[in-house]
There are 2 protein chains.
Amino acid sequence: MEHNPCRAREILDRVGDKWSLLVIALLGERTKRFTELKREIDGISQRMLTVTLRGLERDGIVTRTVYPVVPPRVEYSLTPMGATLMDAANTLVDWAESHLSEIDAARADYDTRARAEEPVKTS
Amino acid sequence: MEHNPCRAREILDRVGDKWSLLVIALLGERTKRFTELKREIDGISQRMLTVTLRGLERDGIVTRTVYPVVPPRVEYSLTPMGATLMDAANTLVDWAESHLSEIDAARADYDTRARAEEPVKTS
DNA sequence: CTGCATCCCCGGAGATACTG
DNA sequence: CAGTATCTCCGGGGATGCAG
């Protein structure tokens, strides 16, 4: 059977946001703490890291382990299902890495041709 | 070398929007016309289909062929690069299809436990 | 250290109307 | 048929401040 494209939206709604795949990729390396993730993800705010991790936890993709010590220590890691998602996601990441320059070239080319067709201002 | 998670953002910025993967999946079946895509993608507006197709064309993922007839006839198809992207994307779609119910279960479970921990109102 | 609450802004996306 | 042009709305996500 063919892929049902309509399901594609559901998965993208879950991991297609701004940070989820990044978090998944990093947790794929090993279990990490909150601050560790924060440090490794360039540009993410504290709020968005929390929001993203909660969402992934809710979906059964990451686990959250709280150690009752002071100062607090919280560790995040991938569930088995999360690990399988990471494999799928990495396929896309691989594609991105090997085609980004090609895309950039296509864009530059497209933009150049678009400019060439612009109406000439005679005033 | 490991995957560079930061690149993941770039690919998601390109195909992680609301409609791109759907369009790519449908064009993966065969070349199609504008109205044909519009009919097959449930809920997409004319405007968003146009915007999405323009973006994919700009990135070198789809080609746009205009036949100078009346009424106008425009056909869209995947480029070779677009086809490789479809393969990668299908990996994610496959994952989605096989894990959606598991995710739904995880969510229901999470939400149930969250409610159980809510503060009791004694007033 | 880890996280929640609040405010606010911007851009993605829908609705509608018009055109070659 | 295959678009373009506006207007509008909503929510994702950033900044900041407070808390256990």
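Every chain is numbered from 1 and lettered A, B, ... according to where its sequence line falls, protein lines coming before strand lines. All heavy atoms count here, side chains included; hydrogens, waters and symmetry mates do not.
Summarising the geometry, the separation between NZ on A/Lys32 and P on C/dC1 is reported as 17 Å, rounded to the nearest angstrom. Rounded to an integer number of Å, the gap from NZ of B/Lys38 to C1' of D/dC1 is 13 Å. When rounded to the nearest whole Å, the span between CD1 of A/Ile41 and C1' of D/dG14 equals 15 Å. Between A/Leu53 atom CG and C/dC4 atom P the separation is 10 Å, expressed in whole Å. For the pair A/Glu75 CD and C/dC1 C1', the computed distance is 13 Å after rounding to whole Å. For A/Gln46 and C/dC7, the CD to P distance is 19 Å, given to the nearest whole Å. Distance, A/Arg73 CZ to C/dC1 P: 11 Å, rounded to whole Å. Put simply, CG on B/Asp13 is 16 Å from P on D/dG12, counting in whole angstrom units.
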*Please lay out, stage by stage, how A/Trp95 and B/Leu85 fare under the test side-chain contact (heavy atoms from CB on, under 4.5 Å).*
CA-CA 7 Å; A/Trp95 186 91; B/Leu85 173 54; 3.4 Å; yes
_B/Ile44 vs B/Lys18, side-chain contact (heavy atoms from CB on, under 4.5 Å): CA-CA, chis, key distance, verdict_ = CA-CA 9 Å; B/Ile44 196 171; B/Lys18 197 169 180 180; over 6 Å; no
*Between B/Leu27 and B/Lys32, does a side-chain contact (heavy atoms from CB on, under 4.5 Å) hold up when you go through it step by step?*
CA-CA 6 Å; B/Leu27 290 182; B/Lys32 294 184 179 178; 4.0 Å; yes
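Within 4.0 Å of A/Lys18, counting heavy atoms only, lie sugar-phosphate atoms of the nucleic acid but no base atom.
Closest to the side chain of A/Met48, out of D/dG13, C/dC1, C/dA13, is D/dG13.
Toward the 5' end of DNA chain D, the nearer of the two residues B/Arg47 and B/Phe34, judged by each one's closest nucleotide, is B/Phe34.
In this structure, B/Tyr76 does not reach the D/dC1 phosphate: none of its side-chain N or O atoms is under 4.0 Å from OP1 or OP2. Dashed line: the shortest gap from a side-chain N or O of B/Thr35 to OP1 or OP2 of D/dA2 is under 4.0 Å.
Proximity of residues 54-68 of chain A to DNA chain C (heavy atom under 4.0 angstrom from any strand atom) is restricted to A/Arg54, A/Arg64.
With hydrogens and angles left out, the side-chain atoms of A/Ser20 and A/Asp17 include a donor and acceptor closer than 3.5 Å.
Contact between B/Leu78 and B/Ile24 at its shortest, heavy atoms only, is CD1-O, 3.9 Å. Nearest heavy atoms, A/Ala88 versus B/Leu92: CB-CD2, 3.8 Å.
When the side-chain hydrogen bond (donor to acceptor under 3.5 Å, both in side chains) test is applied to B/Thr63, the partners found at least two apart in sequence or on another chain are B/Ser77.
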